[in-house]
Each structure stands twice: as C-alpha cells, then as structure tokens.
Amino acid sequence: TMAEAVSLDDIRALQEELQKTQLAESSAKLSKRNCVQLIMKLQELNLIELMYTADGKEYLTADKLRREIKDEIYVHNGRINTVDLAQLLNIDLVHIEAAVTDLLAEDESLDLIQGELINSVAIDNLAAEVDELLQQSGQIDLATMTSRFNLPSDYLLKKLTARVGSIINGTLDGDGTSVFTTSYIKRQQAVLRGHLMALTGPCTVASLKSKFPLKGGSISDFIKSLLASKQLAGAIEGKGEKGSYVPDIYTKSQTLFVEQFFRTNGYIEYSKLKNLGIRNPQTHAQKTLGDGVSLATCYVSKTMFEQVNGSLEDALSEGGEGFLDVIPLLPPCCEMDDVTILLKHCSAFDESKGSKLCLDSVVVSKFFLDKCAALFEPIMRQRADKLPPTIVQKLKQAQSGAVPTADAPPPKSKKRGKGKGKKSKDDDWESSSSASAATSTSALIPFLSADEISEAIGAAFPDIEEVPDLSETLAADMQRPLQSAYEALVIKQLTSQASGGDRRKLREDLVKQYITIVHNAQVFVESAAEFDDATQDMVVRHVIRTLGLDALHALIKLAVFDNGVQIKASTTVTPTIRKELLSNVTSEFQAAASNALKETTVSKTLEDYLQQLDPLTEVVQVYPPQLKADAKQQLKSQHLAALQSSLMSLSGDEVALVLHIGASILYQLRKDAAINVPGRCVPAVIASVNGTINEEATPELQALPDLLSRLSTCVMQKQTPDEDDIVNLKLAAGVQLDADQDDSAA
C-alpha cells in the first residue's frame, strides 16, 4: 500500500523540513497597530467575536471565558463568587455575568445564589460537613447551618433534604427546622419517659413540650405509645396540646380521698372536686360514688337523702308539726337552689297534694295550712254576726252593683278591635266595675291584718316560732284568701235573707230566659233550611256561636243562683264575669261548661251542641219543652218587632247594618221565616227575597231589587247611600216612620 511505501526516512525528512520552516525568520512582519486594525475589521465584518481583558492587552473568546470559569469553580471546590472571578480572570464583571448566565442554562447542577456560583460538588462537601457536625452533637438546626454556611435557609433546606439518608446520616424534622440522629431521638425519649414515670400529679402536654422539645413526633402520641405498651400507667385527658397526662397513682389517690370523704360525711362539694383537678365534678360524682342525688353545689349520699325524706314524712304527717326547715338537715355548703332540687326527688313533698314551700327552704303541709285556716272560721262567723246595721245596709247597696251579683248590664257595647290581644271597652268596664266593687266591700268589712293573723297563728302553734319569719309569711299568704272568705260569708248571709217569693221569681226568669234562647235558636235553624248547603252551614254555625253561647251563659247563671248567689236574668255575661260566676259552682260543672264553650266553635249542628249542654241542664233541672206552632209564631212576631225597632233607629251612616236588618225583615215578610244570619250571608238573603218578586207584584215590590242592589253597591264601595233609598227600605220593611221621613219618601 501507499502507507507501506513511505519509509521511516521519509518521515524524518519531513520533520526536519518543518523544523526549519518554524525556525526561519519571517520575511514580512505586521505591527501591533496593524494587528489591532485587522482584528477590528474582522469584528466589523462579524467574522469573529472577541472580548477584551480588563487591561485591554489581550483578547478572549466567549468559549474560552466559560472554560476558564469552569476551571476556577473546580479549583475553588465548586463554590466561587462572581466578583472574585472578575478579579482572577481579569475580565469585566459584565462579561462574567453573561458567561455565568450561559453556564446556568447549560448545567442544571450549577446555581447562582447571592452572587456565588455553587455546583453539586460544593453541596456534597457541605452535606458531608453537616453530617460530621450532626454525628458530634446529635442534632443541628437550620438556623445554625444557615449562619455557618452563609446560604439562604430555603435553598439550604432544599439541597440538604435530597441528601438526608445518603450523605447525611440522620432524620429531618417534620417542619424542616432541624436534622437529628436516631440516637438523639432515643435519648430525648428516654429523658421524657423517666420524667413521666416520676410524675405524681397531672401535667399538661404544653408544659412537657416546653421542657422536652421532642423531635420526630408529638409528645401526646409518644405518651399514648407508652400507655399502649404498658411502660406507663396513666391516661391522657383532652386532645393535642390542650390535653393533660394524669398518672395512675394520682387518679387512685384522688379516688380514694373522694370515696373516704363521701363515706364519712355523706356528701362531697363540687368545689372540692374541682380543687382536686376534676374537670366535670357532677359527672365524676355520679359515675364513681354510686347512688345519690346531684344537687347544685354538692353530691349527697342516698342515706342522707333518705334521712331528709324521712324527716319530711314525719313532720308533714297529721301527727307531726306540719312544717320543717330543710336547710339544717343538709350539708353546710348547700344553698336554696339545692333545697328546690332535693324536694323534687322527695316523695314526702307533693305540691299537687297541697304541700307548700315557704321562705325557699321551709316545707308546710296541707294539713297544717288547713288547721291555720280553721282557726279563723269562728272569728269570721262572730264578726259577721256582729256587723252594725249601717254596714249591713251599705253592703246591700254595694251588692246590688257588684259582680257576680250585678243586675245592671254594662254600658252600650263597642266593637272589639281587630287582632289578638286587643282588649274591648266592655272588658275594661267589667274589670273596673268588679275591682271597684271588691275594693268597696273590703273597705266596708275588713277582716284581720297580716300582723293579727301572724299573732293568732303563733299563739295557736308556739313551735312555729322556731322557724324565723314563717308565721309572718303564712299570714301574708293567707290574708287575701281569708278576706275573700269573710266577704263571701257575709254576702251569703245577706243573700239568704231574701224572701222565698223573690228567689222563686228570679229563678223563673232565668229558666224562661234559657228556654226562650233555645226556642229562638231552633226557629232560626229551621228557617235556614231554605238556603243552599253552604249558606245553611254558615247560618247554623252563626246561631251556635251567638245564641248557643247565650244559652250556656243562662245555664251558668242558673247554677250560680242555685248555689246561693243572687243574680238576675238581665245580667250581661262577659268573659270576665263568666270566669267569676264559674268560681261559685262545682269543678264538675266548670269542666262541663268549659267543654260546651269549646263546642260553640266546632259543633256543626244545633242538636249536637244542645247535647253538650245536657250535663248542665241535668244539674239545674231545666228541660225546654217541645216548641208548639202558636209559640213559634209568637217568637217570629217578637223577632220581627225587634228587628223593625232596630231598623227604625238606624241612619244612612250605618248602611251595612241597615241592609243586613232590612234584608232579614223582608225575608221574614216574604217567606214567613225568621232568620238570624251573619253579614256574609246577606247577599244570599237578598237573592232569596228578589226571587219572590214576579211581574204581577206591585210597583213598589218590583222596585225592591234595584233598591237592594244600590244599597249593596254602597256597602261594597263604602259610599254614603241616598237618604231616599234608606227611607224606602224602611217603608218596605214595615217600619213606622215619623212625619218628616214620610214627607221625604213622598
């Protein structure tokens, strides 16, 4: 081959020729100025890219600068400041920064931190140094490393985290604030375990954390692991740092003290349990102390409770004193609230059977209260028998206007205001009249003052003075009932003085009133059969709510009269008076009357409602007879006359009432049927009246539908009607007008 043809001598000849060429002097040389101009020209033509050194004596390419920077990083163990590079390489800092930017883009292991170039070699060396420090001390925190290596904490944490477990033989804390070795954690846990085992009282997790900053986990989790492994005896109360560790020895000594105190004294205060560190004393006492009663301030044993209950039974029995102060029987720490709670559990105290609690802690039996009241019955009779004649005469005058013996009706009734809770003027009159009557009676026949009652009780029962203020309290509570009983006794005596004939006449009036109301209701309900089902239902309900209620009031007055209270048929019964009247009858009659009162709003037929009145009619022995034809016609005539009388006194300002009464009269005149309807049924009544008028009727009757239509329009639009229309309606209804109205109608 050709390579084999070239001999070693030929090669040597070429080497000698090259050496001569290199050693030969140039025949033409360029000056420095020419070189500079040549380089500048090449740069203008963008044929080369060069940079000057700081002294301007040398040129340097970008590749050469990057290589030299890498070399300097290697020489300085992977970490060098860019300012130091500018001095070492004699290159302007601007070129250094540009070259560093290119290097950072090329090499991901290279970082620029606070003006320093750092590669992975420097980080590895730093990690090795950290590991050396860690093995010496067992723990090193991030702040120390940041200060020692002059690097930002976040950068240092990021780089060291990647090397923990490889270069760094340790564990990074959960929040990244420190690095520690396994042996360091075990030493910390051993110290904490020893402290916990030495505790004899509760200790909060927060205080343990401040004294023993355990690494690698929470103190509460470490304590739970010790408890689970039986290395520690106790319990954790609460959660997290708010919890507490309670040693078992403390719980046992605490429980032992509480049980001994409770067995010895029969109670334990909640404040004492709180001082022992028990957070929920009531719950703790109920769970650990067994049977007992939980009061407001303490927990009492079943034995103490039974002693109190037994003392109450003895005192409140018929053979006992009749009263007992409970406070001395309870622990010294007890308050009035404790008495209330304890009495709710005592079977001996039953307010529903008449027992009473006075002065917040004194229990008084019904038997004792009855004995106290019985003391004053002879005094009442004596004082009533010895009343002066002048006082008796004044009482008779006062009785004639009093409630419930009032005979005169109240002033003209006003319409009740709309909405719940509004009080009518009738109620105001009733309240004021009854109050004034009661006041005047009390002023005329005062019984005993509270002091006199207290002295009488103290004289009859000397033992009552052992309980301070008890006799005064009983006297204050009894004064009003005794005064009322005394007044009732006096009034009953005055009532009994009335002649038998007068009483028979009064009762006959009351019986007649009840029978008339029932018969009227039957007539109105019978007349309602002419309407459709819906209108008929409204009329029947209206009759029950009005006349049915009047019938109930008539029976109540009869029962009250039979019980000795003088009352007349003309007495108007309002809700207030009804309540006072019912206080004079038996509880059975009251219950039956209350049930009948409810039925006035729910009964759908008159027969159903009258059946609800049967228990009341049996008491007063009043039974309405069968309504005969002539009696029915008489009731219709009386009803028509009453309606015509009412219509006569009305004017056009009350057009709704004029139309209501006028339509009712026309209906009775046209159909011979008496009706009592609510206002919403008036259109149905008018339609029925118009249906009775045909073409053969008189001109006056034929004009009646238009007249009723005009008045209905005035009612709906709240307009004032023509006075002639009012007069014509009255004439059509058979009302006798005066001369002026006749002229107007003409």
Student: Do other residues, nucleotides or ligands put more than 12 heavy atoms under 6.0 Å from the CZ atom of R480?
Tutor: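 Count not over threshold, so no.
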Student: Roughly how far, to the nearest 0.5 Å, is the CG atom of D451 from the OG atom of S471?
Tutor: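 Those atoms lie 9.5 Å apart.
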Student: Could you tell me if the side chain of D562 sits less than 4.5 Å from the side chain of R507, heavy atoms only?
Tutor: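 Yes; the side chains approach each other to less than 4.5 Å.
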Student: Got more than 12 heavy atoms from elsewhere within 6.0 Å of CG, D533?
Tutor: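 12 or below, so no.
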Student: As an exercise, state the distance from CG of L470 to CD1 of I464, rounded to the nearest 0.5 Å.
Tutor: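 So the CG of L470 and the CD1 of I464 are separated by 4.0 Å.
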Student: What's the spacing between Q513 CD and L555 CG if we round to 0.5 Å?
Tutor: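 Reported value, rounded in 0.5 Å steps: 10.0 Å.
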Student: Any donor-acceptor pair under 3.5 Å linking the side-chain atoms of T535 with those of D532?
Tutor: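 Yes, side-chain donor-acceptor contact under 3.5 Å.
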Student: Taking atom CD of Q626 as the centre, report whether more than 12 heavy atoms of other residues, nucleotides or ligands fall under 6.0 Å from it.
Tutor: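 Open.
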Student: The test is ring-ring contact (aromatic ring centres under 6.0 Å, His included); show your working for F461 and F323 and say whether it passes.
Tutor: CA-CA 11 Å; F461 308 102; F323 57 89; 8.2 Å; no
Student: Whether the side chain of K636 engages the backbone of A673 through a donor-acceptor N/O pair (distance < 3.5 Å, no angle test) should be reported.
Tutor: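 Not at all, since once roles are kept as given, no pair shorter than 3.5 Å links the two residues.
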Student: Please report whether the ring centroid of F531 lies less than 6.0 Å from that of Y667.
Tutor: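 Yes, the ring of Y667 comes within the 6.0 Å limit of the ring of F531, centre to centre.
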Student: Can you tell me how far CG of L582 sits from CD1 of I556, rounded to the nearest 0.5 angstrom?
Tutor: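 If I round to the nearest 0.5 Å, the distance is 4.5 Å.
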Student: Please tell me whether Q612 and K598 have a donor and an acceptor in their side chains that are separated by less than 3.5 angstrom.
Tutor: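 Q612 vs K598: no donor-acceptor pair found between side chains.
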Student: Can you tell whether the side chains of D608 and K604 come within less than 4.0 Å, N to carboxylate O?
Tutor: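 Result for this pair is no, no salt bridge flagged.
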